[in-house]
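Since the structure comes first, as structure tokens, the remarks are kept for the end.
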Amino acid sequence: MGEKGKKSKTMSKSPSAAKEHKEQLERLQKKDPEFYQYLQQYGKDLLTFDDEDEDFDDDAEVDMEDAENQLDDETYQHDIPEEEEKPSKNVLTTEMVNSWCKSIREDEKLSAVHSIMKAFRTACHYGDDTGTDSSAKFAVMSSSVFNKIMLFTLSEMDRILRKLLKLPASGGKKETIIELMNTKQWKNYNHLVKSYLGNALHVLNQMTDTKMISFTLRHLQYSSVFLAAFPSLLRKYIKVALHFWGTGGDALPVVSFLFLRDLCVRLGSDCLDECFRGIYKAYVLNCHFVNASKLQHIQFLANCVIELIRVDLPTAYQHAFVFIRQLAMLLRDALNMKTKECSMSHHSSQEAYRKVYEWKFINCLELWTGAICTYSSEADFRPLAYPLTQIISGVARLVPTARYFPLRLRCVKMLNRISAATGTFIPVSMLLLDMLEMKELNRPPTGGVGKAVDLRTTLKASKPILKTRAFQEACVISVVEELAEHLAQWSYSVAFFELSFIPAVRLRSFCKCTKVERFRKEMRHLIRKIEANDEFTNERRASVTFLPNDNAATSFLEDEKKMGTSPLSQYVTTLRQRAQQRNDSMMESSVLVGEKSAVFGKKLDQIPDSDEEDDIKNDDGATVFSSSWLPGGDSRANLPKEEEKKKKKKKKKKGMEQDEGVGDDEDVVEDLVLSSDEDEDEDEDEEDTAEEDGNEEQLGGSRQRNKKQKPKNLSNK
């Protein structure tokens with residue numbers, strides 16, 4: 001009886017509304033007959049209305065609460081026989097979902113849209129503790145029903161919403177949504193948009209399969225423009241996408257980045273600042289430690305940051321200036337500590353160096369070097385080249401010891417890149433030539449052959465490695481390569497003879513002093529190339545008539561530069577090929593774990609083109625949503641036993657680190673030494689170094705996981 005009374009109550013709303021509307025029209029006809037006649041001619045639809053079921057093009061007012069009540073009382077019985085009402089009261093069945101999907105596709109019934117959205121909400125919150133929530137009418141569903149609801153809603157809801165709101169089939173900008181928010185369509189249907197985006201965000205935090213997350217994000221990207229109307233949802237989506245970008249596997253980082261970039265392009269200033277800050281912080285969190293298996297991942301993350309900068313260079317400049325200034329302040333503190341270290345404890349000076357001589361700091365320098373090289377021709381970004389160059393030079397000279405040769409060589413490589421991109425002379429030859437005069441490189445090794453040293457994954461060499469033949473060879477060959485790169489950039493300059501004079505003299509001095517024959521042979525080869533380039537430039541310089549300060553000096557040997565015919569340019573091409581072969585062989589021989597990281601270089605191939613998206617939607621979705629997974633609290637209980645064991649081990653390891661006084665926010669690095677000759681101050685031996693290297697790798701991974709909180713149930717990935 002109660003239910004019948006409730007139905008009759010809802011059914012009586014339409015006649016009363018119709019009666020009131022007719023009375024208003026009658027009063028209008030008496031009060032203003034001319035206007036009423038005008039409405040009869042040009043606005044007949046305003047004088048008549050229908051209270052029957054709406055389709056996608058109906059503009060009748062729909063109050064959100066009334067719609068929800070109607071969903072609870074009527075829409076779930078849409079196209080369902082009466083005899084099935086009782087057994088299906090708490091169960092979502094395939095027949096119910098199929099009937100709604102059919103009504104939407106064929107008849108475009110709005111009541112079916114409300115029904116499928118209610119089912120979508122139930123699917124996304126399945127397993128949640130609803131308590132006494134009466135709106136949670138359906139509490140049971142199978143995995144096949146869940147998959148069907150998710151696949152249909154994600155594939156079709158963007159089209160449905162755009163048709164309801166009378167928007168173009170794709171695209172749109174923030175301004176479009178702002179204008180839409182003042183229309184009748186938005187007032188009628190904005191709750192559908194918010195429900196779709198909010199529930200999809202909730203289930204994203206529950207998903208554990210990377211392919212399922214990728215599919216969901218890829219389809220939500222079509223509706224990302226609607227987030228302009230919901231700032232709180234926008235912030236949450238940015239946070240979730242950044243998390244997946246930094247920690248996801250397979251194609252998920254690429255899909256997440258494309259989602260973020262699409263947000264920035266469509267919404268502009270609403271999310272640019274938050275995305276720039278968020279993606280930089282996520283990058284820093286993921287580059288605390290570098291090994292051979294993470295090189296491509298970190299490079300991929302850096303390329304994404306650089307690509308996002310392209311969206312709005314003036315805004316990106318403001319953020320880049322702040323971030324580079326932070327690096328400069330850390331270097332300034334370290335330099336101040338260095339000057340005061342005589343009156344301070346060794347531990348205090350070590351803390352200052354630690355913040356600079358760590359992977360996090362160096363990878364940030366690499367990131368901004370790549371950004372400045374990419375946008376060196378842009379007036380908005382070029383001014384950052386000078387302060388960054390000063391910081392890199394200061395870092396290279398901070399602790400001038402042989403143990404930090406790998407770090408210095410990395411800094412020189414960055415300076416050469418900036419010089420080549422901006423066409424600015426940067427004096428890096430002294431940084432390289434000073435290395436050759438240290439005893440560690442011009443004396444025969446005393447530590448044996450040693451293992452191959454990969455300078456790309458090393459910042460500081462341990463004391464035993466420092467005395468090996470492999471370390472000496474890696475450093476000397478890198479000095480030759482970087483010095484040749486530097487001189488080749490200016491091998492077409494009218495002043496090349498003066499520029500190369502001091503480097504040539506010091507290289508000859510090294511050949512006389514060194515006791516290692518293979519190093520002497522390498523240097524003599526470089527000296528011969530420098531002398532050949534001197535003849536190459538002097539021969540043409542003898543016939544010029546312009547003065548050194550004339551603008552014509554910039555066009556000196558311009559044609560030869562385009563063809564790359566100078567002796568040093570040809571020599572550098574050979575050196576690059578040799579370096580590439582060396583790096584490839586090192587990756588193949590010593591890094592088996594890195595096979596997975598190679599996926600990052602191929603991820604763009606996994607993203608479908610716009611022409612293929614329609615064909616992939618159904619096939620890809622049917623494959624992704626074909627498992628027996630369901631969201632909710634049970635997903636944690638279904639974790640494999642191996643995952644649970646790993647979690648326990650991580651907790652034990654974290655507890656041990658805290659007992660030893662190791663902070664989560666700091667990298668574990670070795671003691672710093674101020675001079676290569678002060679061996680008595682080096683208090684760590686080979687065993688300690690090996691222990692610290694291992695701890696640093698473990699802490700780098702655990703710190704990355706702990707610093708940023710993961711969305712719920714993502715540990716199962």
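Along the sequence shown, residues carry numbers from 1.
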ask   = Is there a side-chain contact (heavy atoms from CB on, under 4.5 Å) between Asn363 and Leu367 once you walk through the steps?
value = CA-CA 6 Å; Asn363 281 322; Leu367 169 66; over 6 Å; no
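- Once rounded to the nearest 0.5 Å, the distance linking CD of Gln580 with CG of Asp584 reads 4.5 Å.
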query = Is there a salt bridge (Lys or Arg N to Asp or Glu O under 4.0 Å) between Arg582 and Asp454 once you walk through the steps?
reply = CA-CA 10 Å; Arg582 184 173 67 250; Asp454 189 355; over 6 Å; no
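- Atom OG in Ser566 sits 13.0 Å away from atom OH in Tyr571 (nearest 0.5 Å).
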query = Which is it for Leu483 and Leu526 under the side-chain contact (heavy atoms from CB on, under 4.5 Å) test, yes or no, and what are the steps along the way?
reply = CA-CA 9 Å; Leu483 186 58; Leu526 177 58; 4.0 Å; yes
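- Between Met438 and Thr401, the shortest heavy-atom distance links the atoms SD-C, 4.2 Å.
- Here the closest heavy-atom approach between residue Asn286 and residue Lys294 is recorded as O-NZ, 3.2 Å.
- Annotation for Leu313: atom CG counts as buried by contact number, over 12 foreign heavy atoms lying within 6.0 Å.
- The shortest side-chain heavy-atom distance between Pro400 and Phe405 does not fall under the 4.5 Å cut-off.
- Atom CG of Leu415 is separated from atom OG1 of Thr369 by 7.5 Å, given to the nearest 0.5 angstrom.
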ask   = Given the rule in the salt bridge (Lys or Arg N to Asp or Glu O under 4.0 Å) test, do Glu378 and Arg382 qualify, once you have shown the distances and angles that lead to the verdict?
value = CA-CA 6 Å; Glu378 302 288 342; Arg382 190 182 176 90; over 6 Å; no
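- With respect to the salt-bridge test (charged N to carboxylate O, under 4.0 angstrom), the residues Arg518 and Glu522 do not qualify.
- Considering Leu308, Asp312, Val311 as possible partners of Val265, the one that fulfils the side chain to side chain contact (heavy atoms under 4.5 Å, CB included) test is Val311.
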request  = Check the pair His486 / Phe425 against ring-ring contact (aromatic ring centres under 6.0 Å, His included), numbers first and verdict last.
outcome  = CA-CA 9 Å; His486 168 65; Phe425 176 76; 5.6 Å; yes
request  = Check the pair Leu487 / Leu499 against side-chain contact (heavy atoms from CB on, under 4.5 Å), numbers first and verdict last.
outcome  = CA-CA 8 Å; Leu487 295 175; Leu499 184 148; 3.6 Å; yes
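- In this structure, Gln390 CD and Ile324 CD1 are separated by 12.5 Å, a value rounded to the nearest 0.5 Å.
- Aromatic pair Tyr283/Trp245: ring centres not closer than 6.0 Å.
- Once rounded to the nearest 0.5 Å, the distance linking SG of Cys271 with CZ of Phe276 reads 9.0 Å.
- The residue from Tyr386, Tyr375, Phe321 that alone fulfils the ring pair (Phe, Tyr, Trp, His ring centres under 6.0 Å) condition with Phe381 is Tyr375.
- Here the closest non-hydrogen pair linking Pro314 and Asp380 is CG-OD2, 3.6 Å.
- Expressed to the nearest 0.5 Å, how far CG of Leu384 lies from OH of Tyr317 amounts to 5.0 Å.
- Residue Phe497 places its CZ atom among 12 or fewer non-hydrogen atoms of other residues, nucleotides or ligands, all under 6.0 Å distant.
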ask   = Can you check side-chain hydrogen bond (donor to acceptor under 3.5 Å, both in side chains) on Asn303 and Glu307, steps first, answer last?
value = CA-CA 6 Å; Asn303 291 341; Glu307 178 62 28; over 6 Å; no
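- Two rings, from Tyr492 and Phe556, have their centers 6.0 Å or more apart.
- Heavy atoms only, all atoms of each residue included: Ala484 and Val572 are closest at O-CG2, 3.4 Å.
- The side chain to side chain donor-acceptor pair (under 3.5 Å) search around Arg508 returns Glu531, not counting sequence neighbours.
- Each of Glu481, Glu485, Glu482 was scored for a salt bridge (charged side-chain N to carboxylate O under 4.0 Å, His left out) with Arg576, with one residue passing: Glu485.
- Using a 4.0 Å cut-off between a side-chain N of Lys or Arg and a carboxylate O of Asp or Glu, Arg506 and Glu437 qualify as a salt bridge.
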inquiry  = Does Ser429 form a side-chain contact (heavy atoms from CB on, under 4.5 Å) with Ile502? I'd like the steps, not just the answer.
reply    = CA-CA 9 Å; Ser429 59; Ile502 293 179; over 6 Å; no
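- Between Leu575 and Val480, the shortest heavy-atom distance links the atoms CD1-O, 4.3 Å.
- Between Glu558 and Lys561, none of the side-chain N atoms (NZ, or NE/NH1/NH2) sits under 4.0 Å from a carboxylate O, so this pair counts as no salt bridge.
- The local environment of CZ in Arg325 is sparse, with at most 12 non-hydrogen atoms from other residues, nucleotides or ligands closer than 6.0 Å.
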request  = With side-chain hydrogen bond (donor to acceptor under 3.5 Å, both in side chains) as the test, would you mind laying out the steps for Asp534 and Ser500 before giving the verdict?
outcome  = CA-CA 8 Å; Asp534 285 338; Ser500 62; 3.2 Å; yes
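- Of all non-hydrogen atoms in Val356 and Leu330, the two that sit nearest each other are CG2-O, 3.7 Å.
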request  = Under the side-chain hydrogen bond (donor to acceptor under 3.5 Å, both in side chains) rule, what do Gln489 and Ser419 come out as? Steps first, then yes or no, please.
outcome  = CA-CA 8 Å; Gln489 290 176 14; Ser419 177; 2.9 Å; yes
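- Applying the salt bridge (charged side-chain N to carboxylate O under 4.0 Å, His left out) test to every pair with at least one member in residues 362-374, sequence neighbours left out, gives these pairs: Glu366-Arg410, Glu366-Arg417.
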